[in-house]
Amino acid sequence: MGKKRKSMAIMVHSGTVDKLLPVLTLASTASTMDVETRLFFTFWALNALKKGGLENVKPPDFLRIGTDTMKEKMRKAGIPSLQKLLQMCKESGNVKIYACSATMELMDIKEEELIPEVDGIVGAATFMDIALDADVSLFI
Amino acid sequence: MGKKRKSMAIMVHSGTVDKLLPVLTLASTASTMDVETRLFFTFWALNALKKGGLENVKPPDFLRIGTDTMKEKMRKAGIPSLQKLLQMCKESGNVKIYACSATMELMDIKEEELIPEVDGIVGAATFMDIALDADVSLFI
Amino acid sequence: MGKKRKSMAIMVHSGTVDKLLPVLTLASTASTMDVETRLFFTFWALNALKKGGLENVKPPDFLRIGTDTMKEKMRKAGIPSLQKLLQMCKESGNVKIYACSATMELMDIKEEELIPEVDGIVGAATFMDIALDADVSLFI
């Protein structure tokens, strides 16, 4: 009998690049290790799933640098862009992206505004189900 | 022999509504799934456990909207208030609320200032004990 | 056959005292409970691993108090300083400190700028490996 695959669940809450970068770095790294990864986007993070959203993710206010400066720093350090990381996640087939239904109500976001990489719109009970069986659960 | 009940431990650190809403939503959702949940309030989150605190939890500074506007948005989206969510947690019997003893010293908060929903004042070792045996542990 | 030791993995992301205090409190508490703890410092947290960094960790902007005031509050509450907590972690032999290699590139930090308490410079795959086998994983 085969060993159960390892899995990770992340509740993604923050909408700034310093938080979304670790989220997508962990997810893409996990995907290369054949870890089943489920990302549940809620609150500010949901803006990154809107069409054009990921390209415009900002650094946090306290950093006082612009989005383009941050992108340039990442490029120079050899770090893939958020869009590239998301693409790597999806191509692996090991990462599912979920949008939080309650946040969509709260922020008045419609399903047709979301990028096609989103695998589904789900509630907190779905996240709980996934997290309870995951080897790693994080809130970022 | 019965299967061990699933459990969740959350270290609750943030004091703003965008973080306390996921905390209490996860806890109340877990409670309906018969998951034993332990919330350990520390730092800024402890203000929410003071009498009158939960009613006055603010949106984060960067949002630049008031507490009443946020409450109205939540009401329109059909999201229960933080007080209602806490009540649901407690009525389920599956959620315990702890206050961090070191934070009470640091912020000079007295036991009599806390709401009666608090089940105990405990230290970091108690959180560690709970988290090491939990199926899900989060820091929010 | 002996029982496997319990373990904890923390991805340390924040660079302010309100977040680094729980990180080092949990790590030092865990170390006294013989829990193997691995701290993976990334992003803002990496500044705390630079020589002189831990002494100058600031309170978050929204608090609007200075570093010295925060230190004095901690001292009065009987809470050890961040430096003392790190020392307790290292003396226990149960805590390893890692610096994130990608962040070092991004922030242009050189290995010789780091304090000697750092056990190694590693990538996200190392964190994933550790977290997948840990009893508790947190992002702080």
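Every chain is numbered from 1, with letters handed out A, B, ... down the list of sequences. Hydrogens, waters and symmetry mates play no part in the numbers below; they use all other heavy atoms, side chains included.
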A/K90 with A/D119: basic N within carboxylate O range, under 4.0 Å: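 Salt bridge between A/K90 and A/D119, a charged N being under 4.0 Å from a carboxylate O: yes.
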
Residues C/R75, C/D68: salt bridge by 4.0 Å N-O rule: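 Looking at C/R75 and C/D68, the cut-off is not met.
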
Heavy-atom proximity to chain C below 4.5 Å, by part of [X]:
{"X": "A/M70", "result": "side chain"}
{"X": "A/S137", "result": "backbone"}
{"X": "A/M33", "result": "side chain"}
{"X": "A/S7", "result": "backbone"}
{"X": "A/K76", "result": "neither"}
{"X": "A/L21", "result": "side chain"}

Contact class of [X] relative to chain A, heavy atoms under 4.5 angstrom:
{"X": "C/M104", "value": "neither"}
{"X": "C/L132", "value": "both"}
{"X": "C/D129", "value": "both"}
{"X": "C/F139", "value": "both"}

A/W44 and A/H13 aromatic ring geometry - parallel, tilted or perpendicular at 30°/60° bounds: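 Ring orientation of A/H13 relative to A/W44: perpendicular.
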
Side-chain donor or acceptor of C/S101 paired with backbone N/O of C/V122 under 3.5 Å: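 Answer holds: yes.
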
Leading residue by heavy atom contact count with chain A [cutoff under 4.5 Å; candidates C/M11, C/M128, C/M107]: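 With the most close heavy-atom pairs to chain A, the winner is C/M128.
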
C/K19, NZ atom: more than 12 neighbouring heavy atoms under 6.0 Å: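 Atom NZ in C/K19 is crowded, with more than 12 foreign heavy atoms closer than 6.0 Å.
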
NZ/C/K73: more than 12 non-hydrogen atoms of other groups inside 6.0 Å: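 At most 12 heavy atoms, drawn from other residues, nucleotides or ligands, come within 6.0 Å of this atom.
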
From CG (C/L85) to CD1 (C/I79), nearest 0.5 Å: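 If I round to the nearest 0.5 Å, the distance is 9.0 Å.
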
Min side-chain heavy-atom separation A/L26-A/L138 under 4.5 Å: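 Yes, close enough: below the 4.5 Å cut-off.
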
